[in-house]
Protein chains: 2
Amino acid sequence: MDSIDQTIIEKLSRDSRTHCTEIASELGVATSTVHKRVNQLYNDGVIEQFTIILDPKKTGMPLTTFIGINVDENYKAEIIAKLKSLKNVLEVYEILQPYDIFIKVRTSDMSELKDSVLRVLDNTDGVISSSSIITTIRHKERTCVLGDQ
Amino acid sequence: MDSIDQTIIEKLSRDSRTHCTEIASELGVATSTVHKRVNQLYNDGVIEQFTIILDPKKTGMPLTTFIGINVDENYKAEIIAKLKSLKNVLEVYEILQPYDIFIKVRTSDMSELKDSVLRVLDNTDGVISSSSIITTIRHKERTCVLGDQ
DNA sequence: TTTGAAATCCGAGGGAA
DNA sequence: TTCCCTCGGATTTCAAA
């Protein structure tokens with residue numbers, strides 16, 4: 001993870017379609033060097049995924065909900081596994097307080113939120129309680145911290 | 001947004017480096033058709049960004065924190081604008097309850113969290129209170145809902 | 001709008017320094 | 001590791017349907 005890797009990550013974060021040739025010419029190194037670095041970063045798991053960010057409204061998934069979940073410690077692992085497998089659950093974290101698990105969910109509407117996640121929580125052993133934070137407006141959504149602006 | 005667009009989005013979500021030729025051959029349409037569709041989706045803002053997902057630990061940004069913020073309604077717009085401009089603030093939402101604004105922050109450690117965000121909140125007019133949810137383990141992080149698993 | 005072909009450009013790999 | 005070189009393949013454009 002030297003400055004070359006840093007620059008590659010920076011460029012790909014902003015636009016993952018950026019050509020190796022472009023990055024290489026800015027860095028003053030060979031295209032094949034950048035190419036191999038990118039592959040290395042991917043194989044090392046530094047870059048987990050090349051993906052896109054969609055406009056949730058324009059793709060029919062406008063409802064973003066964060067949910068804090070209190071669970072029985074003995075069931076935590078399997079609850080997390082189940083949550084991870086749900087397609088509407090985009091993110092799953094363990095936290096310290098005031099819940100045990102915290103997730104981010106994206107659905108088309110409130111009824112899909114209920115059907116795909118809330119009902120599942122209700123019917124899962126070890127779930128003690130859950131508390132939903134329903135978002136109304138999405139002002140910013142990025143995947144990683146970028147240098148400068 | 002017909003089935004061709006759906007397939008393109010699906011493919012690019014999983015791997016944004018997928019070649020137009022590959023998508024085209026699976027769909028049974030011309031490469032140039034896929035190419036134009038992708039550009040259209042981007043120009044229409046359906047695809048907001050081509051990006052990468054990084055492993056926060058391996059890139060030195062292991063601390064993910066969610067923060068709920070209560071604000072004076074008169075200051076809300078400018079507070080949101082300020083939060084959006086902070087590089088460590090990855091996501092900004094307005095919500096209904098129990099706060100007004102909800103953000104996701106990624107930092108290298110607790111001290112950067114304080115310096116880059118918490119201190120800013122303290123020194124910003126209109127911020128009434130904030131409550132941080134500190135994550136310990138990241139189990140899943142995706143940008144969009146995908147069909148099937 | 002989609003297509004198909006043409007021309008340019010890029011990616012992927014091997015060998016040398 | 002990085003660089004240079006080359007081939008196979010992808011991107012991009014454009015005229016035509």
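As a basis for the values below, the full set of heavy atoms in this structure was taken, side chains included, without hydrogen atoms, waters or symmetry mates. Naming: A, B, ... by sequence-line order, numbering from 1 per chain.
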Under 4.0 Å from any atom of DNA chain D, heavy atoms only: list the residues of residues 42-53 of chain B that qualify, in numerical order.
none

Minimum-distance nucleotide to [X] side chain [options: [options]]:
{"X": "A:Lys36", "options": "C:dT3, C:dG14, D:dA10", "result": "C:dG14"}
{"X": "A:His19", "options": "C:dT3, D:dT13, C:dC10", "result": "C:dC10"}
{"X": "A:Ala30", "options": "D:dC3, C:dG4, D:dA10", "result": "D:dC3"}
{"X": "B:Thr31", "options": "D:dC3, D:dT11, C:dG4", "result": "D:dT11"}

Would you say the side chain of A:Met1 lies within less than 4.5 Å of the side chain of A:Leu41, judging by non-hydrogen atoms?
yes

Does this structure show an ion pair linking A:Arg14 with A:Glu10, if we count only N-O contacts that are shorter than 4.0 Å?
yes

Check the orientation of A:Phe66 and B:Tyr93. Use parallel for under 30°, tilted for 30 to 60°, and perpendicular for over 60°.
perpendicular

Of all heavy-atom pairs between A:Asn39 and B:Arg17, which one has the smallest distance, and what is that distance?
OD1-NH1, 4.5 Å

Closest non-hydrogen contact found for A:Thr107 with A:Asn88 is CG2-ND2, 3.6 Å

Nearest-Å distance for atom pair [atom1]/[atom2], residues [X] and [N]:
{"X": "B:Ile23", "N": "D:dT12", "atom1": "CD1", "atom2": "C1'", "answer": "16 Å"}
{"X": "A:Arg17", "N": "C:dC10", "atom1": "CZ", "atom2": "P", "answer": "14 Å"}
{"X": "A:Asn39", "N": "C:dA12", "atom1": "CG", "atom2": "C1'", "answer": "9 Å"}
{"X": "B:His35", "N": "C:dA5", "atom1": "NE2", "atom2": "C1'", "answer": "16 Å"}
{"X": "B:Ile4", "N": "C:dT1", "atom1": "CD1", "atom2": "P", "answer": "13 Å"}
{"X": "A:Glu22", "N": "D:dA10", "atom1": "CD", "atom2": "P", "answer": "21 Å"}
{"X": "A:Gln40", "N": "C:dG13", "atom1": "CD", "atom2": "P", "answer": "14 Å"}
{"X": "B:Ile8", "N": "C:dT1", "atom1": "CD1", "atom2": "P", "answer": "15 Å"}

Determine the interatomic distance between C1' on C:dA17 and the same-named atom on D:dC7; round to the nearest Å.
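My reading of the C1' atoms in C:dA17 and D:dC7 gives 23 Å.
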
Whole-Å C1' distance, D:dG8 and C:dA16
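Their C1' atoms lie roughly 23 Å apart.
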
Side-chain donor/acceptor contact of B:Ser32 with base of D:dC14 under 3.5 Å
no

How is B:Thr33 classified with respect to the nucleic acid when contacts are heavy atoms under 4.0 Å: base, sugar-phosphate, or nothing?
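It contacts base atoms.
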
Would you mind classifying the nucleic acid contact of A:Arg37 as base, sugar-phosphate or nothing, using non-hydrogen atoms under 4.0 angstrom?
sugar-phosphate

Assess the side chains of B:Ser108 and B:Glu112: does a donor N or O sit below 3.5 Å from an acceptor N or O?
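A donor-acceptor contact under 3.5 Å links the two side chains.
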
Would you confirm whether B:Thr65, through its side chain, and B:Ile133, through its main-chain N or O, come within 3.5 Å as a donor-acceptor pair?
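Flag not set: sc B:Thr65 to bb B:Ile133 has no pair under 3.5 Å.
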
